[in-house]
Amino acid sequence: MSPAFNLETCARPNILALEPYRCAREQVPPDYKDDGSNVLLDANENAYGSPLAIGANSLKSEAAAAGLDLFGLHRYPDPHQEDLKQQLCELRNNHAHTVQTLTPANLFVGVGSDEAIDVLLRCFCVPARDRILVCPPTYGMYGVSAQVNDVGLVKVPLTAAPEFGVDVPAVLAALDAAVAAPEYDIKVVYLCSPGNPTGATLKKDDIAQVLAHPTWNGIVVVDEAYVDFVEDQRTASLAEWVLEWPNLVVMQTLSKAFGMAGIRLGAAFCAAPIARLLNALKAPYNIASPTSTLARSALTPQGLAAMQVNRAKLVSQRVRLIESLPQIPGVGRLRGGTDSNFLLYEMLNAQGQPDNAVALAVYTKLAEQYRVVVRFRGKEHGCLGCLRITVGTEEEMSQFLEALAKTLAEVRQ
Ligand SMILES: *Cc1c(COP(=O)(O)O)cnc(C)c1O
């Protein structure tokens, strides 16, 4: 017995009040394991897998072929990850947005983009004083990370569906108000492009207007988790644009198009002075050796070619869904864009209106009866009645389309 200990008064209030980020797979009764009995279309993973043909035996030869020692496990990993950073730079140095060239000095690599989101917040925001600005509907981790750090949240919704663009006048006005407020400042603006759950790419000019705010002293983060699913791959990423803007950070990840959510590798491109700060504040050995080795294999020319093959398969299934879904009674409009490996669709009631009760019933029935798991997004700003459907393999999409048609027919009776 510890007479004075009281967790409720000992822990930080913002942590006690925390609603942890909930993964889709934690949300409904049957546990949605990836044991082959479920079709998992909820977390925007790449169902065709990683570029590495990883079997227990091929892993070692893959690594050896890439000249990498996968099994130097008794040593601490390289804290700087220069070689991995160089490969990431080469991937994005295409001179579509600048004549300058990215180098490893422009990079932070972390345990998924989730670490980059958190490191940026801790770098710039003073707890219990500063705020971040987000544009709903958007990725939930920005808000969770803000609360963990006791940093406030200013929400400026995106423009209405299906454009889901930055409301530039409203964002600029919120930044004006922050500049004028003695009690707090907005230090970071998190933009997601292509957006989750919107699938829409933001306009470069809109981002430029925020970056160029005349009096606001802060950082604009563009989260490009889905950038490799955009049609025009040469101009899609703004990573190298960080060489033109000292206050721009561009985040990427190997979790989506690269199909490597399991290794936890994210990156933040930024001007070298920001990268120095982020690298100074991170834990020294944040990137495990196997993660680094596998990431470097995926970023070799062979790895990139294999990624492109899987990407092309997903893009063709995305086209198929866009053609097939409108033919199912009860499926409403496509909201948002088509630049990601997921699509946001309305579910309609018998009166033809988008309806959250219908969408939730479809979501639950799909999971429990047909073991197909999608994500309910109807409570997000501007997403009434919407499900977010990750594009999967050809067989998964056949299974999904059939299950959805049956489910909607039953739910809408
Ligand atoms: C999936 C996703 C990420 C990826 O996070 P990781 O930590 O790199 O797996 C980042 N941002 C958005 C918007 C996402 O949807």
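Not measured: the values here are computed from a predicted model. Remember, it's 1-based here, ligands and their atoms both numbered in the order they're listed. For reference, positions follow the sequence shown, starting with 1.
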- With a 4.0 Å cut-off on heavy atoms, does Met141 reach ligand 1? no

- Message: At less than 4.0 angstrom from any non-hydrogen atom of Arg264, what atoms of ligand 1 do you find?
- Response: 6 (P), 7 (O), 9 (O)

- Query: Around Asp78, counting heavy atoms of other residues, nucleotides and ligands shown, do more than 12 lie under 6.0 Å from its CG?
  - Reply: yes

- Query: Between the side chain of Ser398 and the main-chain N/O of Glu394, is any donor-acceptor distance below 3.5 Å?
  - Reply: yes

- Message: Tell me whether the rings of Phe342 and Tyr226 are parallel (<30°), tilted (30 to 60°) or perpendicular (>60°).
- Response: perpendicular

- Query: Given side chains that start at C-beta, do those of Ser193 and Lys203 come closer than 4.5 Å, heavy atoms only?
  - Reply: no

- Query: Under a 4.0 Å N-O cut-off, is there an ion pair linking Glu240 with Arg92?
  - Reply: no

- Taking side chain as C-beta onward, heavy atoms only, is Val227 less than 4.5 Å from Val250? no

- Message: So for Asp223, does at least one of its heavy atoms come nearer than 4.0 angstrom to any atom of ligand 1?
- Response: yes

- Query: Does ligand 1 have any atom sitting under 4.0 Å from a heavy atom of Gly112?
  - Reply: yes

- Query: Which residue owns the protein heavy atom closest to atom 3 (C) of ligand 1, what's the atom, and how far is it?
  - Reply: Lys256 NZ, 3.3 Å

- Query: Just which atoms of ligand 1 are under 4.0 Å from any heavy atom in Cys192?
  - Reply: 13 (C)

- Residue, atom name and distance, where the atom is the protein heavy atom closest to atom 9 (O) of ligand 1: Ser255 OG, 2.7 Å

- side chain to side chain contact (heavy atoms under 4.5 Å, CB included) partner of Phe400, chosen from Val391, Leu325, Val373, Thr390: Leu325

- Message: Show me which atoms of ligand 1 lie under 4.0 Å from any heavy atom of Asp114.
- Response: 5 (O), 7 (O)

- Query: Tell me, which protein residue and heavy-atom name are nearest atom 5 (O) of ligand 1, and how many Å apart are they?
  - Reply: Ser113 OG, 3.5 Å

- Query: What atoms in ligand 1 come closer than 4.0 Å to a heavy atom of Ala225?
  - Reply: 2 (C), 3 (C), 10 (C), 11 (N), 12 (C), 14 (C)

- atom 15 (O) of ligand 1: nearest protein contact (heavy atom, Å): Tyr226 OH, 2.6 Å

- Task: Take every heavy atom of Ala261, measure it against each atom of ligand 1, and state whether any distance is under 4.0 Å.
- Result: no

- Task: Please say whether more than 12 non-hydrogen atoms of neighbouring residues, nucleotides or ligands are located less than 6.0 Å from CD in Glu82.
- Result: yes

